[in-house]
Number of protein chains: 2
Amino acid sequence: MKQGNIQETSTCNPLTEALSRIGDKWTIQVVMELEADPKRFSELRRAVGGISQKMLTLTLRALERDGLVTRTVYPTKPPSVEYALTDLGKEMVVPVRALGGWVIENLPRIASARQRFDAEAGSAVSDGCR
Amino acid sequence: MKQGNIQETSTCNPLTEALSRIGDKWTIQVVMELEADPKRFSELRRAVGGISQKMLTLTLRALERDGLVTRTVYPTKPPSVEYALTDLGKEMVVPVRALGGWVIENLPRIASARQRFDAEAGSAVSDGCR
DNA sequence: CGGTATCCCTGGTGATACTG
DNA sequence: CAGTATCACCAGGGATACCG
């Protein structure tokens, strides 16, 4: 219950921490966009539909801090900033894609499992997808 | 050059959805415990330190709904319920482990990137570890 | 253009109590 | 033992306004 005692999950469980980051609302989408090719802030914002300026900034800062993304400022008259994946970032994309590929591939199986579950439970969760 | 772009944000982005699930606070830990071997509710609760009864239930229900975990009730005198990974669940563990392995392996690189970043920014984030 | 600062509200999570 | 139900909290994230 108290957080001081984090022996059970071997310290702070970096795996869970990393997956939380990767699994947050925007990180993956941003990374995927940057993998296609480097982009400026506004480009990124347009590419990732629905992200707020604040969240894009926060997401990019976190990625930069972890050494996954570089931030390059070009002191042009209207300042422009380019974001790009680092080598570390590109490497990380590999296992992420592997997992993503598995999910895509098995989406039908998951979907039918859900139908079965929802049918016999009568719940109308209906898969959020606004 | 786009290499087989998996998510294009077109539909509901199942990849992001799946990663959100996987990246949530408890799912991974529960799945890892179940991978070791099937467990009962209480065993699971003890194994995963710090999880509340409510969250364990919710996590297990979500996994069950997606066909990743089975729930078997034994009508013994004190009722006992056993949870186990399905084949689908076991398959999913493979790419998850791959990603997890990458993270563990590259933890030092990430850590040093953070030190560099925090040093030159003077920020005292100090890595949350609630 | 590329941010930072602020307000505010929702929903995810924990704590507690109750049931079969 | 294995849940369900209810409440209370506060961090995540959107909207908005301002800055270099």
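So that the names make sense, note that chain A is the first sequence line, chain B the second, and so on, each numbered from 1. Both backbone and side-chain heavy atoms feed into the values below; hydrogens, waters and symmetry mates do not.
The nearest whole Å value for the distance from the CZ atom in B:Arg21 to the P atom in C:dG12 is 11 Å. In this structure, A:Ile51 places its CD1 atom 10 Å from P of D:dG13, rounding to the nearest Å. Rounded to an integer number of Å, the gap from A:Leu56 CG to C:dA5 P is 17 Å. Note: CZ (A:Phe41) to C1' (C:dC1) measures 9 Å, nearest angstrom. The distance between atom NZ of A:Lys25 and atom P of C:dT10, rounded to the nearest whole Å, is 14 Å. Whole-Å rounding puts the A:Asp24 CG to C:dG12 C1' distance at 15 Å. Look at CG on B:Leu60: it is 11 Å from P on D:dA2, rounded to the nearest Å. Here C:dA15 presents its C1' atom at 14 Å from CG of B:Leu58, a figure rounded to the nearest Å.
In the region residues 70-85 of chain B, proximity to DNA chain D at under 4.0 angstrom, judged on heavy atoms, holds for B:Arg71, B:Pro79, B:Ser80, B:Val81, B:Tyr83.
Contact between the side-chain N/O atoms of A:Lys54 and the OP1/OP2 oxygens of D:dG12 is not found at any separation under 4.0 Å. Between A:Arg40 and C:dC1 there is no side-chain polar atom (N or O) within less than 4.0 angstrom of OP1 or OP2.
A side-chain donor-acceptor contact under 3.5 Å links B:Thr86 to the backbone of B:Leu68. Between the side chain of B:Asn106 and the backbone N or O of B:Trp102, at least one donor-acceptor pair lies under 3.5 Å. In this structure a side-chain-to-backbone donor-acceptor pair under 3.5 Å is missing from A:Thr59 to A:Trp26. Remark: the backbone N or O of B:Ile22 is not paired with any side-chain donor or acceptor of B:Thr27 at under 3.5 angstrom.
Salt-bridge formation is not detected for the pair A:Arg97/A:Glu91: no Lys NZ or Arg NE/NH1/NH2 atom is positioned less than 4.0 Å from an Asp or Glu carboxylate oxygen.
In this structure, B:Glu35 CD and B:Lys90 NZ are separated by 9.5 Å, a value rounded to the nearest 0.5 Å.
The side chain of B:Ser42 has D:dC1 as its nearest neighbour among D:dC1, C:dT13, D:dT4. Listed nucleotides C:dT4, D:dG3, C:dG14 differ in distance to B:Ser52; the shortest reach to its side chain belongs to C:dG14. Of the candidates C:dT4, D:dG3, C:dG2, the closest approach to any side-chain atom of A:Arg61 belongs to C:dT4.
Taking all atoms of both residues into account, the shortest heavy-atom contact from A:Leu34 to A:Lys39 is CD2-N, 3.8 Å. Contact between B:Leu88 and B:Asp66 at its shortest, heavy atoms only, is CD2-O, 3.7 Å.
Applying the side-chain contact (heavy atoms from CB on, under 4.5 Å) criterion to B:Arg61, with sequence neighbours excluded, gives A:Phe117, B:Thr57, B:Glu64, B:Arg71, B:Tyr83.
For the helix from C:dC1-D:dG20 to C:dG20-D:dC1, the terminal axes (five pairs an end, C1' atoms, rotation from four pairs onto the next four) enclose an angle of 40°, given to 10 degrees.
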